2 protein chains.
Amino acid sequence: MSRSNPKVLSTLERAGGFASAQEIYKLMQRNGQRIGLTTVYRSLQSLLKENIVDVLRRDDGEAIYRLCGDSHHHHLVCKNCGSTVEIEGAAIEKWAKSVAAEHGFRDIGHTAEVFGTCSNC
Amino acid sequence: MSRSNPKVLSTLERAGGFASAQEIYKLMQRNGQRIGLTTVYRSLQSLLKENIVDVLRRDDGEAIYRLCGDSHHHHLVCKNCGSTVEIEGAAIEKWAKSVAAEHGFRDIGHTAEVFGTCSNC
DNA sequence: AACAGGAATGAAAATGATTGTCATTATCAT
DNA sequence: ATGATAATGACAATCATTTTCATTCCTGTT
């Protein structure tokens with residue numbers, strides 16, 4: 001059917017593992033890569049199905065994609081300037097596990113993001 | 001400036017305290033109330049600013065509004081069958097606030113979801 | 001009652017992200 | 001080289017939401 005364009009994935013990595021489709025598209029253009037917006041969206045859909053990326057929503061409804069997998073951390077994102085701080089989430093891990101166990105869920109994963117306005121904005 | 005149309009609020013209440021702008025609009029039409037979509041959106045914005053309603057995002061990005069005062073909760077979603085359980089998130093609230101404060105962030109919001117495989121699947 | 005000024009309304013157009021369409025192009029085994 | 005199949009991207013369509021702007025509704029004042 002459709003496989004993901006590897007450059008989309010590497011761009012997402014370079015972006016800090018966290019970006020919207022439109023941002024990835026603009027980044028690739030700036031880097032001189034010829035790619036269509038459609039392909040960016042399609043690649044992200046594929047990466048989603050392969051569980052290589054996760055999707056979240058920003059406050060304005062724009063979908064943001066992030067690499068999932070290895071070192072699990074969360075993000076503190078400025079709604080205004082977009083700056084991102086990686087944060088630890090040990091408390092969340094515990095919470096997710098206990099809540100899931102309570103309801104008999106297995107193979108647990110979770111997403112958690114904090115949005116706000118940073119001290120510079 | 002602009003005050004909220006009281007019928008928008010009562011429709012949201014009748015809808016179970018949980019609906020999108022488009023749904024509220026359609027509900028009001030079915031109930032024979034003459035109102036414009038614009039007014040529905042404007043009223044919801046006002047209710048937001050007055051902290052009478054909260055806004056969340058559905059998976060497809062559509063904004064859903066809910067009366068607040070209902071305790072803020074999160075979701076436990078089955079990856080397989082899609083069944084959803086509402087869960088408490090007091091731990092998350094605290095975590096989000098403390099993490100944000102540590103980094104000097106203001107006007108905090110957060111998202112948190114737990115997903116896995118439910119006992120039936 | 002008539003009037004003025006501001007707020008509220010809603011139809012229609014604009015916006016912006018995302019998805020669908022479809023003709024073209026690249027890839028690959030034969 | 002040939003044909004089959006998958007990938008690509010320009011463009012149009014979709015859908016929620018926002019903006020614009022002319023009109024209507026209030027409300028207090030003469």
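Hydrogens, waters and symmetry mates play no part in the numbers below; they use all other heavy atoms, side chains included. Chain naming here is simple, since letters A, B, ... match the order of the sequence lines and numbering starts at 1 in each. Owing to the predicted nature of the structure, the values given are computational and were not obtained by experimental measurement.
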How many Å lie between CG on A:Leu48 and P on C:dT18, as a whole number?
12 Å
Closest to the A:Arg42 side chain, choosing from C:dT18, D:dT8, D:dA16:
D:dT8
In whole Å, I'd like the distance from the CE atom of B:Met28 to the C1' atom of C:dT9.
12 Å
Presence of A:Thr38 side-chain N/O under 4.0 Å of D:dT8 phosphate oxygens OP1/OP2:
no
Between B:Gln45 and D:dT18, is there a contact of a side-chain N or O with OP1 or OP2 at under 4.0 Å?
yes
With no hydrogens and no angle check, is any side-chain donor or acceptor of B:Arg58 less than 3.5 Å from a backbone partner on B:Ala63?
no
Could you tell me whether B:Asp60 contacts a base, only the sugar-phosphate backbone, or nothing, with contacts defined as non-hydrogen atoms closer than 4.0 Å?
nothing
If the cut-off is 4.0 Å, is A:Tyr41 near the phosphate of C:dT18, judged by side-chain N/O to OP1 or OP2?
yes
Are the side chain of A:Ser43 and the backbone of A:Asn5 linked by a donor-acceptor contact shorter than 3.5 Å?
yes
When rounded to whole Å, the CD1 to C1' distance for the pair A:Ile35 and D:dA10 reads 14 Å
For B:Gln22 and D:dT14, give me the distance from atom CD to atom C1', rounded to whole Å.
12 Å
Provide, to the nearest angstrom, the distance between the CG atom belonging to B:Leu44 and the C1' atom belonging to D:dA16.
13 Å
Do the side-chain N and O atoms of B:Gln33 and B:Tyr25 include a donor-acceptor pair separated by under 3.5 angstrom?
no
Take B:Arg14 and B:Asn31 through the test side chain to side chain contact (heavy atoms under 4.5 Å, CB included) and record every step on the way to the result.
CA-CA 11 Å; B:Arg14 235 179 295 128; B:Asn31 282 41; 3.1 Å; yes
Atom-pair distance (OH on B:Tyr65; P on D:dA16), nearest Å:
12 Å
Measure CG/B:Leu37 against C1'/C:dA11 and give the value in whole Å, please.
11 Å
Length of the OH-P vector between B:Tyr25 and D:dC15, whole Å:
15 Å
